[in-house]
Amino acid sequence: MTATRPRILTGDTPTGQLHLGHWVGSVKRRVELQDTHDCYFILANYHAFTTRADKPQDIRRDTVAIVRDYLAMGIDPERSTIFLQSEVPAIHELAFLFAMLLPFNRVMRNPTLKTEIETKGLGDTYSFGFPLYAVGQCADILAFRPVGVPVGEDQVPHLELTREVGRRFNQMYCGVPTDADDADHLKLGGVWPVPRAEVGKVGRLVGIDGKNKMSKSLGNAIFISDSPKEVEAKVKKIFTGRQSPTEPGDVNNALFQYVDAFIDDPERVAELRRRYAAGDNLGDGHVKVEVAAAINRLLEPMRERRARIGEDDALVLDILKKGCARANAVAEETLEMARKAAGLHFFPRTLSYR
């Protein structure tokens, strides 16, 4: 890792194991960026309390499980910083400050927030912390002053809120002109770069139910940790509604989203799409066999890495401790810059990490 490289920040809320939707939407891109960028990956364990405040032990378990998934998928803690949101106090100070810069109705217009309230059946019973987490995500990101944020398609509205906060702070406290291009904010004296979204090849992977985004809570996910037989059984369940191999099929259905995402051979993908659309004696079952085989080829090296990691939490905790120390060094520097810009800096301070 080197500070001369452009920095990225992204991460996950520990709500359970990671699945193929996470891989194609963001994690694959993270693995690639390790070669060219200074990478910071946050485990937003405080955000998990927005809907599971009564299950702290589950959140802790899921946090450790996600680190194992990261390592299995190819995140290298020697080349990237994996850290805990709860162990970086600068994030929470910045979140409080940013909350003063955003009207409440702007936060509630966030379409991702609205969708989560609906899909999780929260009605009007959600905690005050639920909309606050949208502001907290701004702090998660801006605390590390990244130039880019690898995200799934559904997270782009959250990032737009972050971009708004960065612009507003730079304009209000740093004298950046309101008509300045995003790319010019730093050289014009802003504290924050205005980060761009880096959406993966598949911005939103549909689940095996063929309707909703892949999600553990909806029971429609293929997990990174699934065995070959579990993958085969789940792929067989992908719903298309097609009745016969001689019936012309819709190559925009859920099954062909998997074909496009996981079969690497472009010529084979083109052939499958042509035959399926024409009803050329190509059944869903045959396509599903090829998709399952492709997914298992992708997951096999991940399974091997997971086996080498083992079940001892000591390795994971050591990685997190080192990552939190590195993350705090950057976030404290950022907070100092923000406090000075906003007139909140009175005395120097240091943060020690044991």
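In this chain, residues are counted from 1 in sequence order.
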S.K.: Would you confirm whether Asp209, through its side chain, and Asn212, through its main-chain N or O, come within 3.5 Å as a donor-acceptor pair?
M.R.: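 Such a contact is found between Asp209 side chain and Asn212 backbone.
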S.K.: Ignoring hydrogens and angles, tell me if any N or O in the side chain of Lys234 forms a donor-acceptor pair with the backbone of Ile222 under 3.5 Å.
M.R.: no
S.K.: Donor-acceptor check, side chain of Arg305 to backbone of Ala72, threshold 3.5 angstrom: yes or no?
M.R.: yes
S.K.: Using atom types as modelled and distance alone, determine if a side-chain donor or acceptor of Arg7 lies under 3.5 Å from a backbone N or O of Arg145.
M.R.: no
S.K.: For the residue pair Ala44 and Pro14, what are the closest heavy atoms and their distance?
M.R.: O-CD, 3.4 Å
S.K.: When you measure from the centre of the six-membered ring of Tyr276, is the NZ or CZ of Arg242 under 6.0 Å away and within 45° of the axis?
M.R.: yes
S.K.: Are a donor atom and an acceptor atom from the side chains of Thr178 and Gln171 found within less than 3.5 Å of each other?
M.R.: no
S.K.: Is there a donor-acceptor pair closer than 3.5 Å between any side-chain N or O of Asn220 and the backbone N or O of Ile208?
M.R.: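 Not at all, since once roles are kept as given, no pair shorter than 3.5 Å links the two residues.
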S.K.: Measuring centre to centre across the rings, with the benzene-like ring taken for any Trp, is Phe98 within less than 6.0 Å of Trp192?
M.R.: yes
S.K.: State, to 0.1 Å, how close Leu142 and Val165 come at their nearest heavy-atom pair, and which atoms those are.
M.R.: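 Residues Leu142 and Val165, closest heavy atoms: CD1-CG1, 4.0 Å.
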S.K.: Please check this pair: side chain of Gln257 against backbone of Val206, looking for a donor-acceptor N/O pair closer than 3.5 Å.
M.R.: yes
S.K.: Got more than 12 heavy atoms from elsewhere within 6.0 Å of CD, Glu304?
M.R.: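 Counting other residues, nucleotides and ligands, CD of Glu304 exceeds 12 neighbours.
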S.K.: Is Cys174 close to Val191 at the side-chain level, that is, under 4.5 Å between some pair of heavy atoms?
M.R.: yes
S.K.: Looking only at non-hydrogen atoms, find the nearest pair between Pro150 and Ser26 and report the distance.
M.R.: O-OG, 3.3 Å
S.K.: Would His47 and Gln137 count as having a side-chain donor-acceptor pair, cut-off 3.5 Å?
M.R.: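 No, because no side-chain N or O of His47 sits under 3.5 Å from a partner of the opposite role on Gln137.
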S.K.: Indicate, with yes or no, if Leu299 and Val235 share a hydrophobic cluster defined by side-chain heavy-atom contacts under 4.5 Å among Ile, Leu, Val, Met, Phe, Trp and Tyr.
M.R.: yes
S.K.: Is the backbone of Gly241 close enough, under 3.5 Å, to the side chain of Gln243 for a donor and an acceptor to pair up by distance?
M.R.: yes
S.K.: Is there a donor in the side chain of His19 and an acceptor in the side chain of Asp226, or the other way round, less than 3.5 Å apart?
M.R.: no
S.K.: When you measure from the side chain of Arg163 to the backbone N and O of Pro195, does any donor-acceptor pair fall under 3.5 Å?
M.R.: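 A pair under 3.5 Å: yes.
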S.K.: Please answer whether the main-chain N or O of Thr246 pairs with a side-chain N or O of Ser244 as donor and acceptor at a distance below 3.5 Å.
M.R.: yes
S.K.: Can any side-chain N or O of Glu271 pair as donor or acceptor with the backbone N or O of Glu267 at less than 3.5 Å?
M.R.: no
S.K.: Around atom CZ of Arg60, are there more than 12 heavy atoms from other residues, nucleotides or ligands closer than 6.0 Å?
M.R.: no
S.K.: Verify ring pair (Phe, Tyr, Trp, His ring centres under 6.0 Å) between Phe41 and Phe144, making sure each step is shown before the conclusion.
M.R.: CA-CA 10 Å; Phe41 302 131; Phe144 297 89; over 10 Å; no
S.K.: For atom CZ of Phe223, is the number of surrounding heavy atoms from other residues, nucleotides or ligands below 6.0 Å larger than 12?
M.R.: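 It does: Phe223 CZ has more than 12 such atoms within range.
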S.K.: Might you point out which heavy atoms bring Gly21 and Leu205 nearest each other, and give the distance in Å?
M.R.: N-CD2, 3.7 Å
S.K.: Assess, by modelled atom type and distance only, whether the side chains of Gln34 and Asp76 contain a donor and an acceptor separated by less than 3.5 Å.
M.R.: no
S.K.: Using the side chain to side chain donor-acceptor pair (under 3.5 Å) rule, take Tyr70 and Arg30 through it: C-alpha gap first, then chi angles, then the decisive distance, then the call.
M.R.: CA-CA 10 Å; Tyr70 279 179; Arg30 301 180 208 179; 3.2 Å; yes
S.K.: Please tell me whether Thr240 and Asn253 have a donor and an acceptor in their side chains that are separated by less than 3.5 angstrom.
M.R.: no
